[in-house]
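Everything below concerns the one structure shown next.
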Amino acid sequence: MGCAPNEGRAPVGTPERAKWDPTFVRQVTAWLRPMARCWFRPEVRGIDRIPADGPALVVSNHSGGMMTPDVLIYAPVFYDRFGYDRPLHTLAHYGVLMGPLSWVMNRLGVIEASPENAAAALGAGAVVLVFPGGDYDSYRPTFEANTIDFNGRTGYVRTAIEAGVPIVPAVSIGAQETQLFLSRGHRLARRLGLKRIRMEILPVSVGLPFGLTVLLPPNLPLPAKIVAEVLEPIDIESQFGSSPDIDEVDRHVRAVMQDALDRLSAERRLPVLG
C-alpha cells in the first residue's frame, strides 16, 4: 500500500522544534551508534552534569569540518541517560536544513540557529546544544586544534540569560584529527564575496579520498578516537549577579572550556589513535 505524501510529517507551518520525533530519533540512533563506536571509539564523560530535568543550554566547541561527528557523539549518550521523552535540540547553520534534508534533520531535533528558535526550544523545556563557533570553529587549522575560539560570538550568553537557564559547557577532542585542516580561507572568501550568503570562510584541507580540497568535495573522516566531556553547569545569576556582563560570562565560559580541553590534550598520546 502506498503512503500519503505527508504521512509521518508534521503539518505545514509547524515550528521546527515541534517536528522532533522521538521514535525516529531512537531508530536512527540504533542504526548509527555501531558505526560511531567502530569508527570514532567515542568516550563521553560527565553526561550526568546536565541537569536532570528542565531546560539547559549546552555549549560546546565544534570540530571535524563539514563531516563533523559532534552530534553523533553526544546524542546517543544523552538519550541513554535521559530517555527519548526528553528532547535534545541542536542549533545548526541554515545550509544544513535546506531542501528535503530539512525534514529528516528537524525530526532528529536539529533546528536553524537563531535566537528565536533557541528561546522557543528552551521555553518548551528542552535541552539545546549550541556550537557558538560554528563552521569557523569546525574548520580551525589542525595546529590550533586545541584552542577554544568562538570568533567573538557571544549570542549564546544572551540566550541563556534571557531564558533563565544554566550554561553547561562541554568540550571534545579528536575530530580535528580526522583530516589535515590547513586554513580557514578568510581572504579567499572575502575576495569571492561569500559573506552575502553568510559564508565567511572557504576552508582548505587535505584528506581521503580527494586529497587537497577547498571546501568541496568533503573528504571522509579518518577513524580518530574522540573524547568528550560535559563540565559543571554555570548558574549565571548566582555567579555573575542579576545584571551580568555578557563579555565577562563569555570569557569565563571559554576559560573553563579551555582548561578542560588542555587537560584532555595532555592525556592524548598519539593523533588519531588517542
Would you please test Val214 and Leu188 for side-chain contact (heavy atoms from CB on, under 4.5 Å) and show each step? CA-CA 10 Å; Val214 181; Leu188 182 56; 4.1 Å; yes
Determine whether Glu16 and Leu97 make a side-chain contact, defined as any pair of heavy atoms from C-beta on separated by less than 4.5 Å. yes
Over 60° means perpendicular and under 30° means parallel, so classify the ring planes of Tyr79 and Trp20, tilted if in between. parallel
Does Met67 sit in a hydrophobic cluster with other residues, and if so which ones, taking ILVMFWY side chains as linked at heavy-atom separations under 4.5 Å, directly or through other members? Leu220
Taking every non-hydrogen atom, the tightest pair across Ile167 and Ala160: CG1-CB, 3.6 Å
Leu264 and Arg268: side-chain contact (heavy atoms from CB on, under 4.5 Å), yes or no, with the steps? CA-CA 7 Å; Leu264 294 182; Arg268 206 162 182 87; over 6 Å; no
Among residues at least two apart in sequence or on other chains, which ones pass side chain to side chain donor-acceptor pair (under 3.5 Å) with Ser60? Tyr74
If two hydrophobic side chains count as joined below 4.5 Å and joins carry through other members, does Phe40 share a cluster with Val227? no
Do Thr178 and Trp39 have side-chain heavy atoms sitting under 4.5 Å apart? no
First locate atom CD1 of Ile73, then atom CZ of Arg33, and finally report the distance between them rounded to the nearest 0.5 Å. 11.0 Å
Under 4.5 Å between side-chain heavy atoms, counting indirect links through other Ile/Leu/Val/Met/Phe/Trp/Tyr residues: same cluster for Leu72 and Ile47 or not? yes
Is the side chain of Asn106 donor-acceptor paired with the backbone N or O of Val110 at a distance under 3.5 Å, no angle test? yes
Keeping Glu177 on the side-chain end and Pro271 on the backbone end, is there a donor-acceptor pair under 3.5 Å? no
For Glu237 and Ile161, indicate whether the former's side chain and the latter's backbone hold a donor-acceptor pair under 3.5 Å. no
Gap between atom CE of Met98 and atom NE2 of His93 - 0.5 Å precision: 9.5 Å
Applying a strict under-4.5 Å side-chain criterion to I, L, V, M, F, W and Y, I'd like to know whether Val253 and Leu129 cluster together. no
Who passes salt bridge (Lys or Arg N to Asp or Glu O under 4.0 Å) against Glu267, sequence neighbours left out? Arg45
Between Phe131 and Thr90, is there a side-chain heavy-atom distance shorter than 4.5 Å? yes
Do Phe150 and Asp250 have side-chain heavy atoms sitting under 4.5 Å apart? yes
Could you pull out the closest heavy-atom pair between Arg263 and Leu231, with the gap in Å? NH2-CD2, 4.3 Å
Any heavy-atom pair between the side chains of Met66 and Leu215 that's under 4.5 Å? yes
Examine distances only and state if a side-chain atom of Thr68 and a backbone atom of Gly65 form a donor-acceptor pair shorter than 3.5 Å. no
Looking only at non-hydrogen atoms, find the nearest pair between Gly64 and Gln176 and report the distance. N-OE1, 2.9 Å
Which pair of heavy atoms, one from Asp70 and one from Ser172, lies closest together, and at what distance? OD1-OG, 3.8 Å
Surrounding CZ of Arg187 (heavy atoms of other residues, nucleotides or ligands, distance under 6.0 Å), is the total greater than 12? no
Can you check whether Leu212 reaches Leu182 side chain to side chain, under 4.5 Å on heavy atoms? yes
In this structure, CZ of Arg17 is separated from CG of Leu91 (nearest 0.5 Å) by 12.5 Å
Using the salt bridge (Lys or Arg N to Asp or Glu O under 4.0 Å) rule, collect all pairs that involve residues 145-158, keeping only residues at least two apart or in two chains. none
Hey, are Arg251 and Asp247 close enough for a salt bridge, meaning a charged N less than 4.0 Å from a carboxylate O? no
Atom CD1 in Ile111, atom CG in Asn117: separation rounded to 0.5 Å? 4.5 Å
Any salt bridge (Lys or Arg N to Asp or Glu O under 4.0 Å) pairs touching residues 205-227, not counting sequence neighbours? Glu43-Lys225
Over all atoms of both residues, closest heavy-atom pair of Pro34 and Trp31: CD-O, 3.5 Å
Looking at His186 and Ile201, would you say the former's side chain and the latter's main chain have a donor-acceptor pair under 3.5 Å? no
Counting N and O atoms only, with roles assigned by atom type, does the side chain of Arg86 sit under 3.5 Å from a partner on the main chain of Ala52, one being a donor and the other an acceptor? yes
Interatomic distance, Ile234 atom CD1 to Leu57 atom CG [nearest 0.5 angstrom]: 10.5 Å
Do the rings of Tyr139 and Phe181 sit parallel, tilted or perpendicular, given the 30° and 60° boundaries? perpendicular
Taking the side chain as every heavy atom from C-beta outward, state whether Ile50 and Val58 have any atom pair closer than 4.5 Å. yes
Using the rule that Ile, Leu, Val, Met, Phe, Trp and Tyr join whenever any side-chain heavy atoms are under 4.5 Å apart, tell me whether Val272 and Ile226 fall into a single cluster. no
Tightest non-hydrogen contact, residues Asn219 and Val206, listed as ND2-C, 4.1 Å
Taking Arg140 for its side chain and Asp137 for its backbone only, find out whether a donor-acceptor pair lies under 3.5 Å. yes
Keeping to residues at least two apart or across chains, list the salt bridge (Lys or Arg N to Asp or Glu O under 4.0 Å) pairs with something in residues 48-64. Asp48-Arg81, Arg49-Glu229, Arg49-Glu232
Please say whether more than 12 non-hydrogen atoms of neighbouring residues, nucleotides or ligands are located less than 6.0 Å from CZ in Phe210. yes
Would Tyr136 end up clustered with Ile148 when hydrophobic side chains under 4.5 Å apart are linked, directly or stepwise? no
Rounded distance [0.5 Å steps], CG in Asn146 versus CD1 in Ile173: 4.0 Å
Tell me, do Val168 and Pro233 make a side-chain contact under 4.5 Å, heavy atoms counted? yes
